[in-house]
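Lettering of chains follows the sequences in order, A, B, ..., and the numbering in each one begins at 1.
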There are 2 protein chains.
Amino acid sequence: MNKSLGHEKYKYAAVATDVVIFTVVRGELKVLLIKMKKKPYTNKWALPGGLVHAEESVDDAAKRILEEKTGVSKVYLKQLAAFGRVGRDPFGRVVSVAYFALVSSDKLKLKTTEEYSDVAWFDVKKVTDLAYDHDEILRTAVSQLKGELMYSKISAGLLPTEFTLTDLQHLYEVILNRNIDKRNFRKKIQQSGLIKAVGKQRKGTASRPAALFKFI
Amino acid sequence: MNKSLGHEKYKYAAVATDVVIFTVVRGELKVLLIKMKKKPYTNKWALPGGLVHAEESVDDAAKRILEEKTGVSKVYLKQLAAFGRVGRDPFGRVVSVAYFALVSSDKLKLKTTEEYSDVAWFDVKKVTDLAYDHDEILRTAVSQLKGELMYSKISAGLLPTEFTLTDLQHLYEVILNRNIDKRNFRKKIQQSGLIKAVGKQRKGTASRPAALFKFI
DNA sequence: GCAAAAGTGTTGAAAGTACACCCATGA
DNA sequence: TCATGGGTGTACTTTCAACACTTTTGC
């Protein structure tokens, strides 16, 4: 969405997609932002996005943009909503279909340091004043992420295939931004049917070995 | 969406909106469909829809189309999802943002009889084989409608401003397609804070008068 | 007084929440 | 043996589900 469209001269609106890419690092829920060059958003941060090409589905466009910005593929992307206010994009009449995804920060550490300096992770709690209507998109994404966390496998992207219940709980605590009771969490998540024990243990931890689980 | 676009020649996708308009008549949940003329969908039924103009928001486009097809305005339209498969529209590369609404059948009785014969209400349970990907859109809409019914005021569009709890329960039973316990329903809906008593009663009913309520 | 719909409570089950101690391992 | 994190159960509260009779009105 940082290309000029000149779509003002067309009679109809064009389609873009913006992707809210979350990760968790050092106990913080972070979102990937890119720094813009073009006026009127010079040096403003924005969600990664781009126009949907004629020969690709909107889902595929979101995947493409995710991969372009992070190098990560095969991540589950979830459609959030369409944002279609008239003035939302000063470069033309563009409707954006927003997606969100959770990606493990170590899977893309290389990419974010290799990439130019105008791509960076930001603590979600501190982000404000994004370009376009991206503050609104981000708020919607955070809210939907929290709502779905306990009822879906979206968090799988943030953990290795095999993980401990404590790993999972810590992840949930960061995303939900609150403490969770260990016993209640274990009861609920094991009853949910979303994960199952793999029958192995994680050793070498200077403490009692933890059972490993995986998403089904 | 029943206009040729020729958007194949553009590089990017265009935006349309399709509106799933529900009503309840004679104990059935019905959806408004229009009969198409153009190949390859000649005589197929489809959801009302159309392209989003450059100067209107997607929300406004959905409202406009709702009003064009039903004559009803000031109805709450809820965004459902965007549908963006490449081949979903044989006339061009079009991404549709779908909405749904509930409108009282008596508010638009005139309109549907005045309108030409290729607009009609269909029992949702019997609808199949719609044009485009409209079967999928309809299924998604029905599912979301059922899910939100108890937690929002969307059903307000289907009732007069003042209604009895029995009216509301009958409506819910039709939409959810199951019986609801009267006492549990009354407890839950009155605790929800979505409605409140207006302090009046409906008289002249050959039975005990019922208290009237309204949505807040 | 009777037909017709309005209105109202209780009990049991299930799910959610709060809370504290013992266990297995590596160092 | 101790430091570290792993693992477990119970009591209370809240929510959901099942279920039947009395009340008020018009005729």
Fill in: OP1 or OP2 of dA4(C) under 4.0 Å from side-chain N/O of R208(B)
no
Discussion item. Does dA6(C) have OP1 or OP2 under 4.0 Å away from a side-chain N or O of T166(B)?
Written reply: yes
Check the distance between [N]'s [atom2] and [X]'s [atom1] and give it to me in whole angstrom.
X: R202(A); N: dG26(C); atom1: CZ; atom2: P; answer: 15 Å
X: Q191(B); N: dT15(D); atom1: CD; atom2: C1'; answer: 9 Å
X: N179(B); N: dA17(D); atom1: CG; atom2: P; answer: 14 Å
X: L212(B); N: dA5(C); atom1: CG; atom2: C1'; answer: 14 Å
X: M150(A); N: dG16(C); atom1: CE; atom2: C1'; answer: 11 Å
X: L165(B); N: dT8(C); atom1: CG; atom2: C1'; answer: 12 Å
X: R186(B); N: dA18(D); atom1: CZ; atom2: C1'; answer: 17 Å
X: I180(B); N: dA17(D); atom1: CD1; atom2: C1'; answer: 13 Å

Discussion item. On DNA chain C, does the nearest nucleotide to F213(B) precede the nearest nucleotide to S207(B) from the 5' side, or the other way round? Give the residue.
Written reply: S207(B)
Practice prompt. Would you mind telling me which residue lines up with the more 5' stretch of DNA chain C, R183(A) or P209(A), judged by nearest nucleotide?
Written response: R183(A)
Worksheet item: Angle class for the F215(B)/F163(B) ring planes (parallel below 30°, perpendicular above 60°, tilted otherwise)?
Response: tilted
Worksheet entry | Parallel, tilted or perpendicular: rings of F185(A) and Y172(A) (30°, 60°) | perpendicular
Worksheet item: If you look at every strand shown and take non-hydrogen atoms under 4.0 Å, does A206(A) touch a base, only sugar-phosphate, or nothing?
Response: base
Worksheet item: For K182(B), which contact category applies under a 4.0 Å heavy-atom criterion: base, sugar-phosphate, or nothing?
Response: base
Worksheet item: The side chain of N184(B) lies closest to which of these nucleotides: dG26(D), dG6(D), dC19(D)?
Response: dC19(D)
Worksheet entry | Between Y99(B) and D18(B): side-chain donor-acceptor atoms closer than 3.5 Å | no
Discussion item. Ignoring hydrogens and geometry beyond distance, is the side chain of K187(B) in donor-acceptor contact with the base of dT14(D) at under 3.5 Å?
Written reply: no
Discussion item. Should the side chain of K188(B) and the base of dT14(D) be counted as holding a donor-acceptor pair, with the cut-off at 3.5 Å?
Written reply: no
Worksheet item: Sub-3.5 Å donor-acceptor pair from the side chain of Y41(A) to the main-chain atoms of Y132(A), do we have one?
Response: yes
Worksheet item: Do any pairs count as a salt bridge (charged side-chain N to carboxylate O under 4.0 Å, His left out) and have a residue in residues 156-183 of chain B, sequence neighbours left out, and if so which ones?
Response: E162(B)-K200(B), D167(B)-R202(B)
